[in-house]
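The basis for the numbers below is simple: all heavy atoms, side chains too, and nothing from hydrogens, waters or symmetry mates.
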Amino acid sequence: MSSPFEQYEKAHPEHWDCLYDIPPWEWKSIVEWIHKIFVVDYDEYGSRGFDYTDQIVGEIQKKYRIMFRDIIGIRYNSWDSFHAALESKYASHDELSIVFVVELIVKFVRDDHVPVDNARCAAGRGYEPFKSKDLLFRLDGMLSNGSKWRVVFGHGCAAGLVERVDERIVNMAEEIDNNYLNDAWFCAFGASTSSYSMAVKHAVTALEEVLSAAGISGGTLGKKIKWIRENNGLRMHNVADKQLSMRANEHFTPEIIYKWLQDGLDIVQKTDTERHGGNSDRIKVAREPAQQAVIVATVLCELVTKKYFVVDAENVS
């Protein structure tokens, strides 16, 4: 006879595949994580510690020019009121507001360290300061247990949290290390992104930089695509010696991968709805097309920077 847990698993096979903004089983741990930053715990004599909620919230609001009361809908000057506001949002299933709050705290802890180090030193009770990176790793561990979000550790990055994407694509982007491509990722997959159009524009600029470095003529991406087509200007280069996940074989011939390159360039360029200029009524880019364009741009940058494609001198006069 199967256990109740086994019966549940059989009835809900999607249980392990579903990603949440805030995993229900990690909610309490995430609240405790925020509490560790905002409040110095009781000391060994039982005296109440120092509540820095008002101070830290004020610093975050000034730095990022945003008011927490507009996010979680209440004025607060203590941990108790801040905690109550978070619980209210969670109970009403407004998890995205909580994700936005967590992202602001992540960026502040990561880039300023003030709520982690100075608060406890100011307490004057011998508390060992927390390491900012340790706190971020701890939160990332909680989010890895069922959340669609992960922590961004890079100091000064535009995002504090980004959506989970296939690790192979993420690794490609990190290895390429192009500033425009990084910004494209933050705009497309960041928790508080406000412009998917900018994600595409950054992806286009990243491709323009990478193609220019490879010797492709033309200033804009559209002109570079035209140059490649008219001159048959790229060729596969030593594919068998490369360590790319999409190796050329009987299924992925050089001709097929070359067509992928051309089609991919078209996808990214045509997703940029502002490429021809225009007025303020121009079409805005939606989330999914922007994310697709950024992923495609990442793979194309990988193909060119790793020299799977090089300028074909024989076909270019």
Atom [atom1] of [X] and atom [atom2] of [Y]: how far apart are they, to the nearest 0.5 Å?
X    : Y    : atom1 : atom2 : answer
T273 : K201 : OG1   : NZ    : 8.5 Å
T305 : D177 : OG1   : CG    : 11.0 Å
D266 : L261 : CG    : CG    : 9.5 Å
L300 : M172 : CG    : CE    : 10.0 Å
I267 : L265 : CD1   : CG    : 9.5 Å
K270 : D263 : NZ    : CG    : 9.0 Å

Under the 3.5 angstrom rule, does the side chain of [X] hit a backbone N or O of [Y] as a donor-acceptor pair?
X    : Y    : value
S147 : S144 : no
D140 : R150 : no
E163 : W149 : no
S88  : A84  : no

Non-hydrogen side-chain atoms of [X] and [Y] separated by less than 4.5 Å:
X    : Y    : answer
L143 : I30  : yes
F82  : S78  : no
H202 : L181 : no
I37  : V109 : yes
D166 : I169 : yes
E209 : N178 : yes
Q262 : R229 : yes

Transitively linked via ILVMFWY side-chain contacts under 4.5 Å: [X] with [Y]?
X    : Y    : answer
L303 : W227 : yes
I56  : W79  : yes
L207 : W260 : yes
V285 : M198 : no
I98  : I71  : yes

List in chain and number order the residues that pass salt bridge (Lys or Arg N to Asp or Glu O under 4.0 Å) with [X], two or more places apart in sequence or in another chain; answer none if no residue qualifies.
X    : answer
K62  : E59
D21  : K148
R164 : none

I'd like to check the side-chain contact (heavy atoms from CB on, under 4.5 Å) partners of [X]; sequence neighbours left out, ordered by chain and number.
X    : answer
K224 : E208, L211, S212, I216
S29  : E26, M142
N179 : N182
K223 : T220

field: Set of ring-ring contact (aromatic ring centres under 6.0 Å, His included) partners for W27, sequence neighbours left out
entry: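 With neighbours one apart ignored, the set is Y90.
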message: Using the ring-ring contact (aromatic ring centres under 6.0 Å, His included) criterion, which residues pair with Y64? Sequence neighbours excluded.
response: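 Listed in chain order: nothing, the list is empty.
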task: Quick one: which residue pairs count as a ring pair (Phe, Tyr, Trp, His ring centres under 6.0 Å) with a foot in residues 171-192, not counting sequence neighbours?
output: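 Ring pair (Phe, Tyr, Trp, His ring centres under 6.0 Å) check on residues 171-192 returns W185-F189.
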message: Give me the atom names and distance for the closest heavy-atom approach of C301 to V210.
response: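 That would be SG-CG2, 3.8 Å.
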- request: Grab the two heavy atoms, one from A203 and one from A184, that are nearest each other, plus how far apart they are.
  value: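 Looking at all heavy atoms of both residues, the closest pair is N-CB, 3.7 Å.
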query: What pairs with E175 under side chain to side chain donor-acceptor pair (under 3.5 Å), at least two apart in sequence or on another chain?
result: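 E175 satisfies side chain to side chain donor-acceptor pair (under 3.5 Å) with K306 once adjacent residues are dropped.
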Distance-only donor-acceptor pairs under 3.5 Å for side chains of residues 99-108, two or more places apart:
| residue | atom | partner | partner atom | Å |
| --- | --- | --- | --- | --- |
| E103 | OE1 | S192 | N | 3.4 |
| E103 | OE1 | S192 | OG | 2.6 |
| E103 | OE2 | G160 | N | 2.9 |
| E103 | OE2 | L161 | N | 3.2 |
| K107 | NZ | A158 | O | 3.1 |

message: Working note: R110 + C157, criterion side chain to side chain contact (heavy atoms under 4.5 Å, CB included); need CA distance, chi angles, decisive distance, verdict.
response: CA-CA 9 Å; R110 181 193 68 198; C157 288; 4.0 Å; yes
Verdict with supporting geometry, I176 and E302, side chain to side chain contact (heavy atoms under 4.5 Å, CB included): CA-CA 7 Å; I176 295 165; E302 167 85 355; 4.3 Å; yes
